2 protein chains.
Amino acid sequence: MKQNLSETCHLFFSTLSNPTRLAILELLRNGPRNVSEISEALNQEQSMISHNLKPLERCGFVFSERKKKQRFYSLNKETMEQLFKMFNYHAKKFCPTEGKCLTTRELQEQKKKNASNLLYVNRY
Amino acid sequence: MKQNLSETCHLFFSTLSNPTRLAILELLRNGPRNVSEISEALNQEQSMISHNLKPLERCGFVFSERKKKQRFYSLNKETMEQLFKMFNYHAKKFCPTEGKCLTTRELQEQKKKNASNLLYVNRY
DNA sequence: TCTTCATATGAATATTATTTCATTTGTTAG
DNA sequence: CTAACAAATGAAATAATATTCATATGAAGA
């Protein structure tokens with residue numbers, strides 16, 4: 001196995017550590033979309049979507065293809081479904097109870113947001 | 001499979017998207033270490049190591065255990081080895097050639113750093 | 001070619017994350 | 001209890017990243 005993970009993995013993970021990009025990936029699980037469609041679906045500016053698609057494509061998380069004037073982006077399902085699966089397994093096994101992964105205060109904030117997940121909190 | 005990946009995965013991946021934290025994880029592949037040992041091995045301040053261990057532990061990437069005055073951290077091998085394996089597979093398959101993942105200029109910069117990897121570059 | 005639509009880019013601004021340093025907390029042995 | 005060591009915390013300073021807005025590029029049909 002390759003050494004120097006600290007360097008080699010950095011872009012891989014940092015590309016995935018952004019809500020907009022994760023939202024794009026999630027959307028693309030439903031099938032290919034062009035930039036405008038993504039933009040509308042996520043209710044974000046077109047330029048922002050383009051900016052965020054770029055690192056996703058560079059890392060091989062999505063593929064793209066031009067069709068007439070539009071460019072369609074599709075998910076690299078092989079990598080991404082496996083990754084999401086692993087994430088879910090990990091979260092279930094290692095962050096099973098609310099108390100384990102979140103402080104009480106953070107938990108309450110999460111509940112306000114109506115999000116029942118365990119891992120989306122501020123870091124420190 | 002759980003919905004709302006954009007929220008649920010964010011902390012998971014952002015915790016992994018930091019060179020110091022990745023270096024800690026890499027070090028811990030060789031076995032448990034206490035904070036001072038990690039600090040020395042990575043040539044980083046003790047407080048910085050502590051700051052970075054915290055999110056790693058909260059996300060379940062490492063475990064910790066006190067032994068006398070020291071606290072030893074160990075890798076969650078189940079998750080991490082699988083994750084690193086997946087990363088390597090992905091990098092080999094989807095970023096096989098230099099041209100595909102890096103611009104020429106970035107490549108040169110990488111070579112200067114004597115790093116032969118494909119994914120560690122600036123994002124935009 | 002010219003116009004229109006779709007996407008990409010650049011650069012400034014804003015936001016978020018990291019690092020550092022001083023200090024505190026916690027543990028153990030004397 | 002106190003001293004000595006180990007680790008954690010807080011907050012200011014710094015650095016990195018994301019967002020926005022204006023503009024540029026590219027494709028296709030008239």
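Both backbone and side-chain heavy atoms feed into the values below; hydrogens, waters and symmetry mates do not. Quick caveat: nothing in here was measured; it's all calculated off a predicted structure. Letters A, B, ... mirror the listed sequences (proteins, then strands); counts begin at 1.
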- [ ] Look at the side-chain N and O atoms of B:K69 and state whether any lies under 4.0 Å from the OP1 or OP2 oxygen of C:dG26.
- [x] no

Open item on the list: I need the CD-P distance between B:Q70 and D:dA8, as an integer number of Å.
Closed with: 11 Å

TODO: Please list, by residue number, the residues of residues 34-48 of chain B whose heavy atoms come closer than 4.0 Å to an atom of DNA chain D; answer none if no residue qualifies.
DONE: B:N34, B:V35, B:S36, B:Q46, B:S47

- [ ] Check for a donor-acceptor pair, side chain of B:S39 on one end and backbone N or O of B:Q44 on the other, with a separation under 3.5 Å.
- [x] yes

Task: Closest approach of A:F94 to B:T79 (non-hydrogen atoms, all atoms of both residues) - done: CE1-OG1, 3.5 Å

Task: Phosphate OP1/OP2 of D:dA18: any A:R21 side-chain N/O under 4.0 Å - done: yes

Task: Between D:dA6 (C1') and B:E65 (CD): distance, integer Å - done: 16 Å

- [ ] Give B:F72 one of three labels, base, sugar-phosphate or nothing, depending on what nucleic acid heavy atoms sit under 4.0 Å from its own.
- [x] nothing

Task: Atom-pair distance (NZ on A:K68; C1' on C:dT7), nearest Å - done: 17 Å

- [ ] Could you check how far CD1 of A:I49 sits from C1' of D:dT19, rounded to whole Å?
- [x] 11 Å

Open item on the list: Could you tell me how far apart B:F13 (CZ) and D:dT17 (P) are, to the nearest whole angstrom?
Closed with: 17 Å

Open item on the list: Please say yes or no: joined through hydrophobic side-chain contacts below 4.5 Å, possibly via intermediate residues, are A:L83 and A:L27 part of one cluster?
Closed with: yes

TODO: Would you tell me if any nitrogen or oxygen in the side chain of A:K67 comes within less than 4.0 Å of OP1 or OP2 on D:dA27?
DONE: no

- [ ] Look at B:N18 and D:dA16 and indicate whether a side-chain polar atom (N or O) is within less than 4.0 Å of OP1 or OP2.
- [x] no

Open item on the list: Please determine whether a side-chain nitrogen or oxygen atom of B:R71 lies at a distance below 4.0 Å from atom OP1 or OP2 of C:dG26.
Closed with: no

- [ ] Please state whether the base of C:dT20 and the side chain of B:H51 form at least one donor-acceptor pair under 3.5 Å?
- [x] yes

TODO: Please answer whether the main-chain N or O of B:S47 pairs with a side-chain N or O of B:S50 as donor and acceptor at a distance below 3.5 Å.
DONE: no

TODO: Provide, to the nearest angstrom, the distance between the CD1 atom belonging to B:I24 and the P atom belonging to D:dA8.
DONE: 11 Å

Task: Donor-acceptor contact present, side-chain A:R33 to main-chain A:I38, <3.5 Å - done: no

Task: Distance flag, aromatic centroids of A:F61 and A:F12, threshold under 6.0 Å - done: yes

TODO: Could you check how far CZ of A:R58 sits from C1' of C:dA8, rounded to whole Å?
DONE: 14 Å

Task: Donor-acceptor under 3.5 Å (B:H90 side chain, A:C59 main chain) - done: yes

TODO: Check the distance between D:dT17's C1' and A:K54's NZ and give it to me in whole angstrom.
DONE: 15 Å

Open item on the list: With a 4.0 Å limit, can you tell me whether B:Y73 has a side-chain N or O closer than that to the phosphate oxygens OP1/OP2 of D:dA6?
Closed with: no

